[in-house]
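Structure first, then comments.
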Amino acid sequence: MRSQHTFRIGLAVAAGALAAGCGASPDTSSASAPSSSPVASLPPSSAPSSAPSSAPSSTPSLAPSLAPLPTITLTDKPPKEPTDNLPETGWVVGMVTRGGTGPCYGLISDEGTRYALYNPDGITLKERDRVKVKLETTLLKIYCGPGSLMAMTEAAPIG
């Protein structure tokens, strides 16, 4: 059991050493003779210097941004109109994206709204047909596919 932990630690150290070596430049070769100073083997651009460089740094600045932080704006009174965008009810024209004999259908309206329609009556709709459907909100909590779940009460083909 102890040898497995030692093996895992050895693998972790080897992976860390390998990851640290990934930043080496391709022009340095391990076949060259080792020098007495580690700085002497580095290219002149990567040698450490004691004077600060005036060239712009490629590392991001740690200074905080000057833009203000987002805050919650409080209102004096609650809104008079509903703030939730409820799906449109009534007649909607669009293209059937998922057809069949039901009870679930798919529709994209001409305005670009995607609907998941439910009708237990077995209305037959063909995929890619243009239809006019009458929609109502529903209290059912079922999954009929992507889109706003609505009850389809009537459907009529167009053209």
Legend entry - Heavy-atom closest pair, residues Gly145 and Ala116: O-CB, 3.6 Å

Legend entry - Gap between atom NZ of Lys132 and atom CG of Asp110 - 0.5 Å precision: 12.5 Å

Inset, instruction - Please lay out, stage by stage, how Met152 and Leu125 fare under the test side chain to side chain contact (heavy atoms under 4.5 Å, CB included). - result: CA-CA 12 Å; Met152 178 177 58; Leu125 296 177; 4.0 Å; yes

Legend entry - Nearest heavy-atom neighbours spanning Leu107 and Thr97: N-OG1, 3.5 Å

Inset, instruction - Show your working on side chain to side chain contact (heavy atoms under 4.5 Å, CB included) between Ile123 and Tyr105 and close with a plain yes or no. - result: CA-CA 10 Å; Ile123 296 175; Tyr105 309 90; 3.9 Å; yes

Legend entry - Shortest non-hydrogen contact from Thr137 toward Ala151: O-CB, 4.5 Å

Inset, instruction - Identify the two heavy atoms, one from Val96 and one from Lys126, that lie closest to each other, and give their separation to 0.1 Å. - result: CB-O, 3.4 Å

Inset, instruction - Please list all pairs passing the disulfide bond (SG atoms under 2.5 Å apart) test where one or both residues lie in residues 94-159, with sequence neighbours left out. - result: Cys104-Cys144

Legend entry - Taking every non-hydrogen atom, the tightest pair across Ser109 and Tyr115: CB-CE1, 4.0 Å

Inset, instruction - Kindly write out the residues that satisfy side chain to side chain contact (heavy atoms under 4.5 Å, CB included) with Thr153, not counting sequence neighbours, or none if the list is empty. - result: Lys134, Glu136

Legend entry - Residue pair Leu149 / Leu140: nearest heavy atoms and the distance that separates them: CD2-O, 3.4 Å

